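One structure below.
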Amino acid sequence: MLCSAVVHSTFAMIRFVGILLFLSSTVAFTQTRSCQAIEVGMNVILRDGKTVTGLSMQNLTGRTKHEAVAIDSLVFDTSPRRILLVLDTGHDLAPDARRAELEIASYLVGGARETDSFALLTARGTLMDVPFKEGRDAVLSGIAKLRDAKAGTRTRRGILDALLEATTWFQDSKPGDAIIVMASEIGTNESAHFSQVANAVAKNGVRLFSIALGPILEGTYFGPTEPLSQHNEGWAFLPNQENLSALTWNNGGYMLMEDTKDARREYKLTDAHLHNLQDEVARMYSAIATFYRVGIRVPPGLKRREPWKLDLSDEIRKKVPAAYVVYPRFLEPCPPVISATGK
């Protein structure tokens, strides 16, 4: 009897432990499944603005402050792009600053691949809205009309207002959707706030690139010819750095700096300088037209929105020590696990 009772007890214990192990593995499986793979856009850019190609999944590493971020896949994407231009048409822009902006926009649209689509939004001055459906010629025509600073209806929307509206123009978001904003300041708006725009851009998966036509009044800025030092590498994560550079950098793009409002001298656009600007914009366009789609898995332990670092492996970093890895700087936590009962 005792032997039978012991055997019965032993089997009961084994069964109990088995149930616990099953439940434990089920919970772990559910947690893993809750963190489905997502994709982020990435460029690797050299100091001269040229992009690095030929990378493999093994050439990348990812991590948050406390955990590794798994790299699941890597695809080099050259598919057609939708690019929306947001142009500052404020009356305070110097004549040559306005000319630089419009020459850059015209050069970009006119020289892009035939398969790419463009749209146009303006802010702080002359109103000009040209949606994607109207086509490239309509965008070029709109840019040409903006050369007359006094012509057309005026708009009161600021740069952030225009950016927030721009995010709604990308119906059925596609990999590589991008906004290029050229602006001298982002501080005066009808209703949009910095965090609101940052969240909308991130939610829609739009890559944001910018050309600053005025000084960065707070913090520092990132650009392909302006290396980040170890000291200021984390500046873009600071919540109080609400400038155009932080908005751009944190949302997967980079900024070019063209300060047209230097109080020490009048801004003049020479043919040589315009040619240099066009070369820089051509390289920015290349980063938009061809980029990596990186498949990652957010760590299940991530509880809130946090910065993370996507970088090159040590082997590749030795070959291109000064290269920048450009990607969205924040990760969102996994969606909450929903049980079979819906609770």
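Being a predicted model, the structure only gives us computed values, none of them experimental.
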Does [X] share a hydrophobic cluster with [Y], counting links as ILVMFWY side-chain heavy atoms below 4.5 Å and allowing steps through other members?
X: Val206; Y: Ile159; answer: yes
X: Tyr107; Y: Val109; answer: no
X: Val44; Y: Val75; answer: no
X: Leu312; Y: Val40; answer: yes
X: Leu55; Y: Phe76; answer: yes

Shortest non-hydrogen contact between [X] and [Y], atoms and distance:
X: Phe170; Y: Leu84; result: CZ-CB, 3.8 Å
X: Gly176; Y: Ile288; result: O-CG2, 4.4 Å
X: Thr290; Y: Asn43; result: O-ND2, 3.2 Å
X: Gly158; Y: Ala123; result: O-CB, 3.5 Å
X: Asp88; Y: Leu93; result: O-CD1, 3.2 Å
X: Asp48; Y: Arg283; result: O-NE, 2.8 Å

Treating [X] as the side-chain partner and [Y] as the backbone partner, does any N or O pair qualify as donor plus acceptor under 3.5 Å?
X: Asp259; Y: Lys261; answer: yes
X: Thr155; Y: Leu127; answer: no
X: Ser106; Y: Leu102; answer: no
X: Asn59; Y: Ser56; answer: yes
X: Thr89; Y: Arg124; answer: no
X: Arg136; Y: Phe118; answer: no
X: Asn251; Y: Leu208; answer: no
X: Arg297; Y: Asp72; answer: no
X: Trp308; Y: Pro328; answer: yes
X: Arg98; Y: Leu146; answer: yes

Please report the interatomic distance [atom1]([X]) to [atom2]([Y]), rounded to the nearest 0.5 Å.
X: Glu306; Y: Lys303; atom1: CD; atom2: NZ; answer: 11.0 Å
X: Leu85; Y: Leu121; atom1: CG; atom2: CG; answer: 9.5 Å
X: Met257; Y: Ser245; atom1: CE; atom2: OG; answer: 8.5 Å
X: Leu108; Y: Ile180; atom1: CG; atom2: CD1; answer: 4.5 Å
X: Lys319; Y: Ser313; atom1: NZ; atom2: OG; answer: 8.5 Å
X: Glu185; Y: Asp92; atom1: CD; atom2: CG; answer: 7.0 Å

- Item | Full working for side chain to side chain contact (heavy atoms under 4.5 Å, CB included) between Trp249 and Val326 | CA-CA 8 Å; Trp249 181 235; Val326 180; 4.2 Å; yes

Heavy atoms, side chains only, cut-off 4.5 Å: are [X] and [Y] in contact?
X: Tyr267; Y: Asp262; answer: no
X: Thr53; Y: Tyr292; answer: yes
X: Leu269; Y: Leu277; answer: yes
X: Ile71; Y: Leu310; answer: yes
X: Leu164; Y: Asn189; answer: no
X: Leu163; Y: Ile179; answer: yes
X: Ile83; Y: Tyr285; answer: yes
X: Glu332; Y: Val298; answer: no

Return yes when atom [atom1] of [X] has more than 12 non-hydrogen atoms of other residues, nucleotides or ligands closer than 6.0 Å, and no otherwise.
X: His273; atom1: NE2; answer: yes
X: Arg63; atom1: CZ; answer: yes
X: Glu190; atom1: CD; answer: yes
X: Asp77; atom1: CG; answer: yes
X: Arg304; atom1: CZ; answer: no

- Task: Just do the side chain to side chain contact (heavy atoms under 4.5 Å, CB included) check on Glu103 and Val281 with the steps written out, would you?
- Result: CA-CA 11 Å; Glu103 290 287 352; Val281 169; over 6 Å; no

- Query: How far apart are the C-alpha atoms of Phe209 and Tyr254, what are their side-chain angles, what is the distance that settles it, and do they pass the ring pair (Phe, Tyr, Trp, His ring centres under 6.0 Å) test?
  - Reply: CA-CA 5 Å; Phe209 294 79; Tyr254 68 83; 5.6 Å; yes

What I want to find out is whether [X] reaches [Y] closely enough, with some N-O distance under 4.0 Å, to be called a salt bridge.
X: Arg82; Y: Asp177; value: yes
X: Arg147; Y: Glu101; value: no
X: Arg157; Y: Glu165; value: yes
X: Arg156; Y: Asp161; value: no

- Query: Is it true that the NZ or CZ of Arg329 lies under 6.0 Å from the centre of Tyr327's six-membered ring and within 45 degrees of the ring axis?
  - Reply: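 Yes, a cation-pi geometry holds between Arg329 and Tyr327.
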
- Task: Quick one: do Arg305 and Leu331 satisfy side chain to side chain contact (heavy atoms under 4.5 Å, CB included)? Show the steps, please.
- Result: CA-CA 6 Å; Arg305 186 172 189 256; Leu331 286 182; over 6 Å; no

- Task: Apply side chain to side chain contact (heavy atoms under 4.5 Å, CB included) to the pair Glu258 and Ile104, showing each step before the final yes or no.
- Result: CA-CA 12 Å; Glu258 178 69 5; Ile104 289 171; over 6 Å; no

- Test item: side-chain donor near acceptor, Ser117 and Arg81, under 3.5 Å: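 No donor-acceptor contact under 3.5 Å links the two side chains.
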
